[in-house]
Amino acid sequence: MTAPAIELKGISKAFGPVQANKDISLSVQKGAIHGIVGENGAGKSTLMSILYGFYKADKGEIWINGQQTSIPDSQAAIRAGIGMVHQHFKLVENFTVVENVILGAEDGAMLRPSISKARKVLLDLEQEYGLEVNPDAVIEDLSVGHQQRVEILKQLYREADILILDEPTGVLTPSEADQLFRILGRLKDEGKTIILITHKLREIMDVTDTVSVMRRGEMTATVKTAETSPAGLAELMVGRKVLLEVEKNAATPGEVVLDVKDLRVVDGTGVERLKSISFQIRAGEILGIAGVAGNGQSELLEVLGGMIPATSGSVTLHGQPIDITGRESDGQSRRRRGIGHVPEDRQVEGLIMPYEAWENVAFGYHHDPKYQAGILMNNSAIKADCAEKMERYDVRPPNPRLPARNFSGGNQQKIVVAREMDRHPDLLLVGQPTRGVDIGAIEFIHKQIIALRDAGKAVLLVSVELDEILGLSDRIAVMFDGVISGERLPEDTNEGDLGLLMAGVTERQGAA
Amino acid sequence: MDFITILQLLDSSIRLATPLLLACLAGLFSERAGIFDIGLEGKMLAAAFFSAAIAFTSGSVWVGLLTGVAASVALSGLHGLASITFRGNQLISGVAINFLAAGMTVVIAQTWFSQGGRTPALTGDARFEEIVLPGAASRIRDIAQQSPLGQIYSELISGHSILVYISLLIVPLSWWVLYRTRFGLRLRAVGENPAAVDTAGISVVGLRYAAVIICGVLCGLAGAYLATGLSAGFVKDMSAGRGFIALAALIFAKWRPWHALGACFLFGFLDAAGNRFQNIELLTFLSLTFLLLAAVSAIMLVIRAIMLARGKDTARGLLTPGIALVVSVGLALGLDALDPEAGGIATYLNTFVLPVQFMQALPYILVVVILAGLVGKAIPPRAGGEPYVKER
Amino acid sequence: MDKMPKWADVILIPLISVVLALLASGAVVAFIGESPFEAMRIMIDGAFGSAYGWGYTLFYTTNFIFTGLAVAVAFHARLFNIGGEGQAALGGLGVAMMALYIPWPHWSLALIGCTIAAALFGAAWAAIPAYLQAKRGSHIVITTIMFNFIASALLVYLLVNVFRVEGSMAPETARFAEGTHLPSASTFAGFLGFRPSTPLNVSFFVALAACVAVWLLIWRTRLGYEIRAFGHSETAAVYAGISPVKITMIAMLISGALAGMMAINSVQGEAERLVIDYVQGAGFVGIAVALMGRSHPVGVLLAALLFGALYQGGAELEFEMPAISREMIVVIQALVILFTGALDNMVRMPMEKLFLSLRPRSE
Amino acid sequence: DLGGKFDRSFNESAFNGAERWAEETGGTYREIELQNDAQREQAMRRLAEAGSNPIVMAGFSQASALEVVAPDYPDTTFVIIDGVVDAPNVQSIIFSEHEGSYLVGMMAGLASETGTVSFVGGMDIPLISRFACGYAQGAVAANPDITVIANMTGTTPAAWNDPVRGGELTRGQIGQGSDVVFAAAGGTGLGVLQTAADEGILSIGVDANQNYLHPGSVLTSMMKRVDVAVYNSFSADTIEPGIVVLGLAEDGVGYAMDEFNAELVTEDMIAAVDAAREQIIAGEIAVHNFTEDGSCPVDMQ
Ligand SMILES: Nc1ncnc2c1ncn2[C@@H]1O[C@H](COP(=O)(O)OP(=O)(O)OP(=O)(O)O)[C@@H](O)[C@H]1O
Ligand SMILES: Nc1ncnc2c1ncn2[C@@H]1O[C@H](COP(=O)(O)OP(=O)(O)OP(=O)(O)O)[C@@H](O)[C@H]1O
Ligand SMILES: [Mg+2]
Ligand SMILES: [Mg+2]
């Protein structure tokens with residue numbers, strides 16, 4: 001038997017008082033796909049960053065292909081044949097694909113030869129793995145799925161033998177994810193070793209050969225995938241049994257809460273983002289909006305949430321019109337009207353990262369009378385409110401004085417959810433509520449959304465996770481290219497059917 | 001306004017634009033790598049002093065130039081130390097460098113020369129002489145006697161210091177380095193997303209120091225040109241805010257080399273015009289304004305036309321600058337044709353003499369107007385101003 | 001989480017930095033052949049050794065508090081206001097017009113009137129760059145630099161052609177009437193030894209009040225909350241219903257008003273007339289003060305005091321040691337800014353290591 | 001004044017006067033260079049309290065501060081140069097710059113071959129306009145058809161230290177035909193004189209004798225004997241309060257002749273200028289003083 005491709009021995013790493021990795025050992029065979037799962041903050045990213053030379057371990061050894069290797073920096077990692085696709089992409093946004101690919105792997109001092117060579121290699125890779133991207137496209141114009149392909153292409157271009165992917169599917173649509181896994185399969189066949197970090201147990205079950213579970217900085221188990229089950233893994237991760245299916249009662253829709261008619265949005269560059277959208281949501285109902293990112297869902301949330309004005313159309317809430325094109329088009333007035341909004345991107349929109357938790361709990365509601373003391377803000381009231389919300393929404397650590405950036409992704413999301421749902425809005429707008437969040441937190445957030453529905457509120461759920469859409473929604477609308485390409489009932493459809501609608505095919509293809 | 005006046009104006013613009021251009025390109029390299037630099041002014045001043053001082057003592061302007069560049073690079077190194085190695089605030093560091101240069105130059109000058117913070121006047125080889133190309137006249141009065149083509153040749157093309165020609169060459173060179181070399185690619189990347197550069201196994205620190213050093217070299221040339229090219233010796237504070245104007249030009253140019261040339265030339269031109277036309281009558285002023293507008297519209301028209309030819313624009317894009325060109329040329333000629341002696345509105349307008357202060361402020365006003373009216377939002381390199389922190 | 005005790009962070013490190021700056025300055029003083037120790041003594045004694053010294057130190061401090069706060073407020077909204085110089089100049093114009101054209105019965109009323117005028121004029125001068133930034137995205141750094149030049153031209157024009165006293169050579173306004181003269185430190189604190197000539201005047205208290213007001217504004221009001229939120233993330237601000245245009249405008253108007261208010265100290269309080277270029281770089285020093293004070297009013301106050309002391313101590317140094325020119329003072333200032341501001345981490349990093357090694361390891 | 005001690009003209013001249021006095025008499029004096037406006041009063045008081053007597057202040061900007069300070073120190077005598085303060089212990093020394101400028105203007109008018117002469121000032125302040133206006137009158141007196149171009153350098157104090165712009169202004173003026181340029185612009189003037197020398201035209205220095213800077217190019221210098229005023233104040237036994245006007249008659253202003261410009265100035269020119277000088281002293285020619293009414297009888301471009 002050949003030496004393992006990667007062997008970690010007794011790796012420890014502390015950030016100040018936080019012990020992110022405790023005496024971790026791991027061994028991955030050549031040509032295997034190895035999964036790592038664990039809650040937010042379990043230390044997965046830290047471990048991989050150590051392997052990639054981004055952090056230096058306090059203790060421990062790294063062995064690559066049977067040789068002890070010191071990896072003081074990323075350059076050493078690259079030399080050792082390691083490539084990493086980070087959780088947050090490391091791409092230069094205003095560079096083209098080919099520029100990003102050659103960055104750091106140029107052939108000489110001049111760019112031209114490198115670029116023309118890279119073009120050729122990209123073409124080969126494209127044919128070999130089906131990784132098609134326009135080499136001259138600028139990164140910021142690409143969808144996240146394509147951006148991720150660029151990340152993978154970067155590593156392949158460097159001829160990495162060991163590929164680390166940190167939560168690669170967090171931002172991908174199901175079909176994009178499927179495609180990614182097909183590619184990973186092909187890479188594996190070529191003898192490349194892959195480490196895959198993900199929160200989605202289904203993916204682990206589908207593609208990995210072996211899987212490790214991390215918990216609070218420790219490696220708690222490593223098992224063969226074939227010998228375990230999602231429920232077993234979940235229990236290992238969280239330390240208790242977790243419901244993987246959403247549990248909910250049948251909906252009892254009431255009167256119409258939100259009525260959207262002929263909504264149109266033309267953006268600053270003249271592109272029509274929403275083309276005459278009309279739909280209704282009733283009280284006690286969750287309308288799920290499925291669709292590939294970039295087909296107008298974000299704009300829909302932004303218009304309803306008051307972040308951008310609509311070009312034309314009408315929106316009424318409980319029969320009362322909302323001014324969507326004029327002066328009232330701002331987040332404050334929407335909140336006053338009883339619309340809560342969990343935005344798609346918690347770090348860029350939903351939270352002010354340097355603000356402490358209590359300040360973030362007031363964010364958007366800072367005009368709320370209960371937060372005021374005369375002309376000043378009543379900070380102690382806000383802190384008290386925050387402590388209470390953290391308690392009820394199980395935010396960890398429950399410390400109102402901690403800046404938002406020091407919470408893990410899941411807990412950041414819980415802060416946003418607590419803020420937006422705790423006021424029992426008549427209408428809740430939710431975008432990607434569980435993106436990059438661990439299964440414990442997903443379960444919790446899903447329960448909250450159902451609870452709000454059961455309290456007779458209307459919910460508009462936008463998600464690229466079809467599981468989530470199918471599990472939570474009472475009705476499903478699919479958006480494609482700025483229009484609603486079809487509506488389904490969850491019990492009346494399946495992923496394949498939705499996938500076609502998402503691709504713009506409107507005829508019904510014999511749903512299950 | 002006659003032809004030779006326009007030529008003289010353009011000639012003056014070239015001279016005034018050169019230090020701006022060098023400093024602007026200096027800032028471009030630094031800021032493209034993510035290091036903001038409001039210390040251009042100070043580096044220019046330090047280079048001006050040391051180039052003049054050493055040119056005087058050594059008798060060779062080239063030795064002076066080298067020393068000036070070295071002084072500027074030393075300050076750049078200080079800026080790098082503060083903002084790259086010690087991850088300090090880049091703005092504070094820049095402010096400190098400006099103060100430091102303003103004080104140090106005079107203190108040292110006083111210690112060395114005892115002439116009140118001035119260097120002795122430079123003569124002969126201690127100065128950059130103007131290069132007179134074959135067949136060109138050099139003195140303004142001689143040039144005025146030549147044919148129009150000869151005037152263009154002698155006034156505009158000939159008769160500048162070697163540093164002017166060098167700085168004009170540095171523009172394409174900068175473009176080439178930034179967009180055509182590996183170094184340039186990495187430099188631009190490190191200003192946009194240092195983490196991407198770092199994960200690619202390239203040293204962020206090394207790249208940023210390289211950028212800052214280039215910045216120092218170019219600032220050094222700018223300062224040396226001020227003290228040994230445009231004037232003959234150092235006078236305290238002689239950079240006179242040009243570092244800040246260069247910074248403005250850099251933002252105006254949106255951190256791109258060719259645009260920097262355009263922006264600096266425009267600033268130089270406005271400066272030259274403000275110098276030349278003090279105490280002018282409203283009528284003349286208006287006709288000049290429309291002439292300038294016409295020039296700007298013409299440039300826009302050409303740019304649009306090139307874009308159209310490349311298929312990056314529609315024919316409609318030509319409309320606005322086209323109309324603006326016709327209207328402004330018409331108005332300029334019309335106003336010029338009015339006879340101020342003839343009475344009526346022309347005479348009335350002509351009784352207003354614009355105060356000299358207005359003409360001196362005009363370049364600055366125009367910059368604001370142009371910025372607000374013609375140029376969209378300037379987006380700086382995304383990682384600019386932020387030290388790159390990687391926990392180890 | 002904290003790597004160091006708080007006292008080390010806020011007191012020890014700045015102190016070490018200042019000492020380093022002074023050591024470097026001493027080297028420069030020695031370079032020109034004077035005794036650094038003697039120079040040091042003169043500076044400290046000159047700035048703090050007497051009521052006379054304090055009078056000048058605090059007078060300069062007042063100026064720098066205003067311009068420092070101005071930069072700091074804009075900074076919280078991530079706007080880099082380099083226009084303090086011009087806004088302060090216009091503030092001076094406001095004060096001059098208020099003081100010259102209205103017969104004030106009592107200084108307290110005049111102070112209120114002039115403060116309002118100074119703030120309004122300063123704010124007005126910030127308004128156009130603010131509007132262009134908010135609506136057109138014109139870079140505020142350029143526009144405020146340009147507005148500094150324009151302000152200077154405007155003031156020269158007005159002082160030479162409009163306000164100049166007939167027959168006088170000096171481009172300055174007439175002296176303001178008695179009713180506008182602010183009580184100097186000798187009036188309200190004569191018992192401390194301040195003499196009538198002290199430039200320190202009641203506007204020092206306005207400056208202190210401004211510190212408190214800015215602190216309240218930024219950390220205790222909704223507006224401050226919105227300003228900071230906008231400064232951290234524009235997208236998030238829009239999400240929360242905070243209007244970028246409104247915040248940009250308001251933050252810059254407040255900033256301009258604060259810069260303008262410097263005029264009540266220098267123009268109304270000290271010179272009692274508007275002279276040409278009275279700001280004399282205080283707007284730029286304000287940038288250093290705000291940056292060093294980390295945009296916090298307390299930090300601004302301390303940094304302003306440091307610079308006030310440098311100005312006054314430096315003046316004394318120049319009076320006492322003829323070989324030391326005013327540029328030497330500029331060098332010392334530069335070194336203080338450099339060490340306390342930009343090279344802060346040079347001291348901090350080893351200190352953090354030191355404290356970490358001193359601390360018994362938990363876990 | 002705030003221009004700095006060694007500005008090669010005004011302040012330096014004052015300093016030289018003091019130095020001369022110190023050398024000749026062995027007396028000691030103290031000097032204070034100002035950094036900002038608030039220091040004016042501070043400096044005066046410090047000197048007064050240190051027992052200096054007399055105290056000489058150079059620069060019109062000192063006037064308002066002195067108005068406040070002088071009454072507090074009745075036993076100290078103050079001398080202010082370029083400004084007027086009405087107090088029993090203050091002597092105000094005023095120079096008739098317009099008269100001196102008139103003479104160099106005449107010389108420029110006589111020396112000019114193109115019929116155009118020019119002026120570069122620092123900032124547009126009354127004092128500088130007084131120079132410009134006197135110069136223009138003199139030029140017109142020498143040649144009634146002459147064109148006089150006048151430019152200012154800037155609106156910020158940087159205008160006094162910007163030789164680059166001074167050079168550009170001069171080039172512009174040469175382009176408009178000027179062949180004699182008079183600079184009254186502090187450090188900026190050095191750029192003017194330099195450019196004039198490079199371009200082969202004549203220039204005129206200011207305040208101190210600047211003829212030596214570019215031998216063969218500096219036509220003359222408009223001398224303003226601040227050094228004499230300072231020297232006299234220090235040497236005098238008693239200083240009379242009131243206004244002392246130093247004009248041509250008192251040799252307070254004048255034009256400089258030495259070996260550096262001997263070849264540039266012809267006998268005829270000297271004769272004409274000296275004649276005018278006599279006439280001005282005699283009151284036969286009245287040179288208009290710009291600061292009296294803020295206007296100038298001669299048009300400048
Ligand atoms: N740069 C850092 N500074 C301080 N603490 C850190 C840093 N990076 C990570 N940590 C801490 O280390 C622990 C592990 O973090 P890590 O990012 O490895 O978790 P993770 O398992 O990748 O979580 P997620 O699933 O959210 O990506 C966390 O508790 C976090 O607080
Ligand atoms: N400067 C810091 N100080 C303390 N903890 C930090 C710091 N930076 C990051 N962390 C911690 O690192 C952990 C991981 O952060 P990271 O940026 O990898 O993503 P994440 O928040 O875990 O994202 P996701 O939920 O998408 O996985 C977080 O738990 C956070 O607490
Ligand atoms: Mg992670
Ligand atoms: Mg030429």
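What you see below is based on every heavy atom in this structure, not just the backbone, and it leaves out hydrogens, waters and symmetry mates. Lettering follows sequence order; numbering is per chain, from 1.
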Which atom pairs, donor and acceptor, lie under 3.5 Å between side-chain atoms of residues 202-215 of chain B and protein residues at least two apart or in another chain?
{"from": "B/Ser203", "atom 1": "OG", "to": "B/Val205", "atom 2": "N", "distance (Å)": "3.4"}
{"from": "B/Ser203", "atom 1": "OG", "to": "B/Gly206", "atom 2": "N", "distance (Å)": "2.8"}
{"from": "B/Arg208", "atom 1": "NE", "to": "B/Ala33", "atom 2": "O", "distance (Å)": "2.9"}
{"from": "B/Arg208", "atom 1": "NH2", "to": "B/Val190", "atom 2": "O", "distance (Å)": "3.1"}
{"from": "B/Tyr209", "atom 1": "OH", "to": "B/Gly80", "atom 2": "O", "distance (Å)": "3.4"}
{"from": "B/Tyr209", "atom 1": "OH", "to": "B/Leu81", "atom 2": "N", "distance (Å)": "3.3"}
{"from": "B/Tyr209", "atom 1": "OH", "to": "B/Thr85", "atom 2": "OG1", "distance (Å)": "2.5"}

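The pair A/Lys56-A/Asp73 does not count as a salt bridge, with every side-chain nitrogen at least 4.0 angstrom from each carboxylate oxygen. Using a cutoff of 4.0 Å between basic side-chain nitrogens and carboxylate oxygens, A/Asp23 and A/Lys59 are not scored as salt-bridged.
Residue A/Arg79 does not touch chain B at all, counting heavy-atom pairs closer than 4.5 Å. For chain A, the nearby part of B/Arg382 is the side chain; its heavy atoms alone come within less than 4.5 Å.
The ring-ring contact (aromatic ring centres under 6.0 Å, His included) test applied to A/Tyr355 returns C/Tyr225, C/His232, not counting sequence neighbours. Under the ring-ring contact (aromatic ring centres under 6.0 Å, His included) criterion, A/Tyr52 pairs with A/His86, not counting sequence neighbours.
A cation-pi arrangement, defined by a distance under 6.0 Å to the six-membered ring centre and an angle within 45 degrees of its axis, is present between A/Lys13 and A/Phe15.
Using non-hydrogen atoms only and a strict 4.5 Å limit, the part of residues 93-103 of chain A facing chain B consists of A/Glu93, A/Asn94, A/Phe95, A/Glu99, A/Ile102, A/Leu103.
Counting only N and O atoms by type, the side chains of A/Thr46 and A/Asn21 include no donor and acceptor under 3.5 Å apart.
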